[in-house]
Asker: 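The structure's right below; bear with me while I get my questions together.
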Amino acid sequence: MNPLLEPLTPAQREAVQHVDGPLLILAGPGSGKTRVVTHRIAYMLESGVPPSQILALTFTNKAAEEMRGRVHALAPGRRVWVSTFHRFCARLLREYAPLVGLRENYTIYDTSDSQQALKRSIEELQIDATHYTPQQIATSISWAKNNLITAETYQPRPGHPLGSVVAKVYPAYQARLLNSSAVDFDDLLLHIASLLRENPEVRHTLDERFRYILVDEYQDTNLAQYTIVRALSLDHPNLAVTGDPDQSIYGWRGANLSNILEFEQDYPHVRVVRLEQNYRSTKRILSIAAHLIEHNLRRKQKGLYTDNDEGRPVRLVTYFDQKTEADTIATRIVDDVRAGRRRPRDFAVFYRVNALSRAIETAMREHGVPYQIVNGVEFYQRKEIKDVLAYLTLLNNPRDDVAFQRVINTPARGIGKTTLDRLRQHATLKGKTLLEAARESGLVDSLAKKTAVVVARFVAMFDRLSLLAARPVEEILGNVLAETGYRDMLGTSENVEDQERLANVEELLTAAREFDARHPGNGHLEEFLEESCLVNDTDAWEAADDRVTLMTLHASKGLEFPVVFLIALEQGLIPHERSTSSVDDLEEERRLLFVGITRAQEELSLSHARRRLFRGREMMTVPSQFIFEMPREEMDCGEILPTKVEWDQTKSFDHDDESEWQSEIAHDPDATSESDANADSGDDEFAFGANLHATGEGDEDRDSSQTGRARSPGSTPATIAPLATAAELATAAESTSEARANQPAASTVPPEAFYQGMLVRHPAYGLGKVVALSGSDSQRKATVAFASGAGQRSFVLQQSPLRPVKPS
DNA sequence: CGTAATGAAATTTTT
DNA sequence: TTTCATTACG
C-alpha cells in the first residue's frame, strides 16, 4: 500500500484520497486534522498535481509554518504555496494594486496605524462624534469591510446614531488610506474580493492558477474570505475545507459560522468526511466536552469517541475565593512535580479574561512554580520598533501620512502639534501628502521661518536616506538609526527603559540581517515591511520551556496539555457579561469552554470561587450556567454544588434584586470565620509562603522581566538574554567614546565582531563609528562615519584594516 | 512643547 | 486594581 496512507484510519484515508471536487472535513478536536491535510497535499503531489496549482490558506502564521514544514517533510522539494489569508492577499494586491486605486508600494497599516488614520479622519470632519470612541467606529468599519460593505455602499440603519456617524467617517477614512496609498488589515481581503468580483478575466486567471485550494479552520472565515475562496473555485471547484463548527470562537472578529454550516449547499457534490475519533483526551474529558456542546443549536451533530483510557474523573471544585483557588492549584502542581509525577510544562491554567491571571501569577510566585504567560507586549507593537519601522515605511511609500506623522518629531526636533497642524492644513488645501507639504515648507505662510528651516532639514535628511532605499534592509536600518539620531536618543539616555528599547532596536537589526540573508540581492524593503506587520512573533509560545502555561481560552486553541485547570467558571466571566445578550453570543461562549476542555489530555479541573476580587471590588459570584450542563457522573465534585434551582433560591433569599448577579459583599464577620474551610476535596493543606519548589533565585525579580512576550517568574527567560547582551555591548560602546582608546591587538577581527554603533579605528582615517552593516561572511560590509572629517566610507570587513576600539 | 494629573472604563485579538 | 486618554500646567 501507499506508505502515505498506511498510518491513517479509514476516515482519514478517505479524505486524503479525495483529490478532485469539493471536500468538507469536519474535524473534531484532537482528531489528527493537520496530519490529514498535509498527507492529502503530499498525496495530490504524488498523483501528479503540479505544486504550483495548490494553494493552502490558514489564519495564523504559526499554522502556515507548521503545515509548510510538514508538507516539506512528506514531499521534499515541492514548493506548495502555504500562506495566511492576509499574506496571500497582500501578495496578490502587489500585482493588481492599480486596479483598486493603489500603488504597488502600498503600506499595510496595523491596528494602531489604522486607528491613527481614523482619528485624523474624525477630527477633520469635525462631526459630533464625542459620544463614540474611535474604537467603536473602527469596529463598525471593520465589521462592514468584513462583510464586503464598501465606503460607497455603506447605509446606516435608520435611527441608528452610531451608524450615521460611521456613514460619514468611513468614506473619509477610506479616502485617507487611498491618498496615503495604504490599506488596513481588512482592506487586504476587501480589495481582493472586490477585484475578483469586478474583473472577471483576473478572476478567471487566478481560478486557473490555483486549481486546488485548501482552507484550514474554515469555521473562522468571514464573508470576505468566503467570497475570495469561492471566486477562486468556480471553474475548478477543487476546494477542500477543514474545520469544526464547535470550535468557532472568533465570531466577534467577523467569522461567520454559516460558511461551514452551509458548505454543502454551496457545493452540491461535496464529499463530507467526519473525523470523530479523538486521540488526545481521556474518555471522561471527551464526554464532558461532548455533553456541554450538545447544548448548542447552531452546529453539526458529531459523534466524538476515543479509544483512550477512561482516565481520572474531571474535578469540579468550588473555592472560597480567588486566592484559595489560585493557592490550591499551585499546591497541586508543586505536589505533582515534587513527587516526580509531572513536570511544570505538563500544566496549563486557562481563564476567560487576562485580568484573571494575576491571582494565579501571585500564587505561582509564592509557591515557587515557574510559569509563563502567553501574550504580553508584542514585539512589533513596541513604540521604538514602530518608530523605526515608520522611517522604513516612509522610505518605501513617501505618500504614507501616518508614517510621516510618526517620524516627523521622533526623536524630538521641535516640530510639534502646531507645526503639524499647519502642514496638514497646507496639505489638505493643496491636495498633497504631508511629505510634499513639508518639502515646500518655505511656502507655508503660517509657518515661522525658523520652523520652516527645521522641517526642511528633516526633508533633506529623508532625501539622503532615500538614496539607500534599494540597499539591504540592515544597511538602510543602520543608516536610519544613525542619521535620524534615534540611536543616540536611546543610547545617551540614563533611563533603564531606554536601554531596553535600544536592545529591542538591536533585535530588529538582527531580524533585518536574517531577512537579508533569506533574500539575497537588493530592493526587498517592501517585503521586509510586509513581513513585519503581517507576522506576529507572539506565535512563538515556548513549548521548550519547562514552565506552567497561563493563557486565555482563546489563546489555547490548537494546543494540548496533560493537565488543564480551567478557572473562574462564573456567570459574567464565562459566559462573559457582554456576551449574554444573544443566543449566538452565548453559544460562542459555550464553544470557548468546549475548546478549553478539549485541550486537556489526561486531567482536567474546573473551578469557580464563591467570591472574587475583580477590578478592585470583592464580589459574590454565581457559578457559570455551563457547569450545570455537564454530566456529574464523570465528575468528582470536591464539594457538592447546589443545583441551579437551589442556588437561585438561596440567592433570592439574600438579595431581592434578581437581575443583579453580583453584589458587593458587606463586611460580614461570619464570613471570615467560615473562610478557613478548605473548599478543595481535601487534597492537602496549603503551605502559604513556603518556597517549596526552590528554583534557585531569590525574591527580587518581581515583575521586571517583562521584556519577552512570556512574563516569567524567577529565572530570566532565555529569550531575553541576547537582548541584555546587546544592550551591554551598546552601553560599553558608548562609554568608550572619544579618542583615548587603546590600540587593538593585531590579530584579525572576524566580520561578525562588528555591530552597529560600534567605535572603530582606521589607520588612515582614525576614529569612526559603524553606521550600517550589510551582507554576510566574506561579503559583510560596513559603513563607517569618521570623526576626522573623512566622512562616511564603506569597507568590506574581511579585507579592511578596521579595528574595534577596546573599552578601556 | 513636554510632562503630571485627573478621570472614566474595563472581553476575547488569528492579521 | 489598572490602564488609557484627555487635560491642565510649567
Side-chain angles (χ1 to χ4, degrees), chain A residues 57-65 83-90 108-115 119 130 133-136 138-139 142 145-146 183-190 216-217 219-222 224-225 247-255 322 350-359 362 374-378 380-381 409-421 451 454 530-539 551-558 568 572-580 585 588-589 591-593 595-596 612-619 703:
Chain A
L57 295 171
T58 66
F59 278 83
T60 67
N61 291 297
K62 192 175 152 198
E65 265 160 46
S83 161
T84 64
F85 269 102
H86 290 266
R87 281 193 96 174
F88 170 71
C89 290
I108 301 169
Y109 283 170
D110 70 13
T111 317
S112 63
D113 297 329
S114 319
Q115 188 122 4
K119 279 181 183 164
T130 44
T133 62
Q135 186 57 251
Q136 284 174 294
T139 306
S142 175
K145 286 184 174 181
N146 286 158
V183 299
D184 61 24
F185 284 150
D186 300 320
D187 278 340
L188 287 171
L189 305 174
L190 177 60
D216 196 23
E217 306 280 13
Q219 77 280 354
D220 288 336
T221 51
N222 60 33
Q225 288 155 333
Q247 291 185 66
S248 164
I249 55 175
Y250 286 103
W252 52 278
R253 294 280 276 108
Q322 47 155 33
F350 302 155
Y351 34 81
R352 176 64 236 266
V353 298
N354 287 121
L356 291 166
S357 73
R358 171 138 297 157
T362 310
V374 175
N375 268 343
V377 191
E378 292 159 30
Y380 287 102
Q381 293 286 44
N409 200 33
T410 323
R413 302 188 175 87
I415 304 174
K417 192 172 182 306
T418 324
T419 311
L420 199 52
D421 276 339
T451 321
V454 179
E530 181 179 307
E531 197 170 291
S532 307
C533 63
L534 255 29
V535 174
N536 191 43
D537 72 337
T538 339
D539 291 341
M551 60 168 81
T552 64
L553 286 165
H554 281 92
S556 76
K557 192 172 148 190
L573 286 170
I574 182 160
H576 194 273
E577 56 181 331
R578 307 251 275 218
S579 301
T580 39
D585 283 354
E588 183 153 311
E589 295 288 303
R591 289 194 291 269
L592 198 47
L593 187 53
V595 166
R612 183 171 298 279
L613 191 65
F614 197 61
R615 291 186 197 157
R617 298 265 136 118
E618 187 154 70
M619 308 285 230
D703 57 358

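In what follows, every chain begins at residue 1, and chains take the letters A, B, ... in the order their sequences are listed. Given the structure is predicted, the values throughout are model-derived calculations rather than measurements.
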Asker: Rounded to whole Å, please give me the gap between CG in A:Leu189 and P in B:dT14.
Answerer: 15 Å
Asker: Show me the protein contacts with nucleotides 1-7 of chain C, counting only N or O atoms at under 3.5 Å.
Answerer:
from, atom 1, to, atom 2, distance (Å)
C:dT2, OP1, A:Arg358, NH1, 3.4

Asker: When the nearest nucleotide of DNA chain B is assigned to A:Glu589 and to A:Ala412 on a heavy-atom basis, which residue is associated with the more 5' position?
Answerer: A:Ala412
Asker: Between B:dT13 and C:dC4, how far apart are the P atoms? Round to whole Å, please.
Answerer: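 Each nucleotide's P atom is 15 Å from the other's.
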Asker: Checking A:Thr84 now: which residues fulfil side-chain hydrogen bond (donor to acceptor under 3.5 Å, both in side chains) with it, not counting sequence neighbours?
Answerer: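 For A:Thr84, no residue satisfies side-chain hydrogen bond (donor to acceptor under 3.5 Å, both in side chains) once neighbours in sequence are set aside.
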Asker: B:dT14 P sits how many Å from A:Gln247 CD, rounded?
Answerer: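 Atom CD in A:Gln247 sits about 17 Å away from atom P in B:dT14.
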Asker: Applying side-chain hydrogen bond (donor to acceptor under 3.5 Å, both in side chains), name anything that partners A:Thr221, two or more places apart in sequence or on another chain.
Answerer: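 Partners of A:Thr221 by the side-chain hydrogen bond (donor to acceptor under 3.5 Å, both in side chains) criterion, ordered by chain and then number, come out as A:Asn259.
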Asker: Using the aromatic ring of A:His576 (for Trp, its six-membered ring), decide whether it stacks on the base of B:dT11 within the limits of 5.5 Å and 30°.
Answerer: yes
Asker: Excluding sequence neighbours, so at least two apart, what forms ring pair (Phe, Tyr, Trp, His ring centres under 6.0 Å) with A:His554?
Answerer: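 Per chain and number, A:His554 pairs via ring pair (Phe, Tyr, Trp, His ring centres under 6.0 Å) with A:Tyr250, A:Trp252.
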Asker: Is the shortest side-chain N to carboxylate O distance from A:Arg591 to A:Glu588 below 4.0 Å?
Answerer: yes
Asker: Atom OG1 in A:Thr58, atom CD in A:Glu65: separation rounded to 0.5 Å?
Answerer: 9.5 Å
Asker: Rounding to a whole Å, what distance do you find between A:Lys417:NZ and C:dC9:C1'?
Answerer: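 The answer, rounded to whole Å, is 17 Å.
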Asker: How far does the C1' atom of B:dT14 sit from the matching atom of C:dT3, given to the nearest Å?
Answerer: 25 Å
Asker: Hey, is A:Tyr250 doing a stacking thing with B:dT13, by the 5.5 Å centroid and 30° angle criteria?
Answerer: no
Asker: From the options B:dT15, B:dC1, B:dG2, select the nucleotide whose nearest atom is closest to the side chain of A:Leu534.
Answerer: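 Comparing B:dT15, B:dC1, B:dG2 against the side chain of A:Leu534, the answer is B:dT15.
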Asker: Tell me whether the side-chain N/O atoms of A:Asn354 come closer than 4.0 Å to OP1 or OP2 in B:dA10.
Answerer: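 It does not, given that no N or O in the side chain of A:Asn354 lies less than 4.0 Å from OP1 or OP2 of B:dA10.
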Asker: Considering every strand and a 4.0 Å limit on heavy-atom distances, what is the contact class for A:Arg352: base, sugar-phosphate, or nothing?
Answerer: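 Base contact.
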Asker: The criterion is ring pair (Phe, Tyr, Trp, His ring centres under 6.0 Å); which residues satisfy it with A:Phe88, sequence neighbours excluded?
Answerer: A:Trp81, A:Phe210
Asker: State whether A:Asn61 places a side-chain N or O below 4.0 Å from either non-bridging phosphate oxygen (OP1 or OP2) of B:dT14.
Answerer: no
Asker: OP1 or OP2 of B:dC1 versus the side-chain N and O atoms of A:Thr418: is any pair under 4.0 Å?
Answerer: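 For B:dC1, OP1 or OP2 has a side-chain N or O of A:Thr418 closer than 4.0 Å.
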Asker: Please identify each residue that fulfils ring pair (Phe, Tyr, Trp, His ring centres under 6.0 Å) with A:Tyr109, with sequence neighbours left out.
Answerer: none
Asker: So which one's nearest nucleotide on DNA chain B is more toward 5', A:Thr552 or A:Leu420?
Answerer: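 First, find each residue's nearest nucleotide; the 5'-ward one identifies A:Leu420.
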Asker: Determine whether a donor-acceptor pair (one donor, one acceptor, N or O, separation below 3.5 Å) exists between the side chain of A:Arg253 and the base of B:dT15.
Answerer: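 When only heavy-atom distances are counted, A:Arg253 does reach the base of B:dT15 through a donor-acceptor pair under 3.5 Å.
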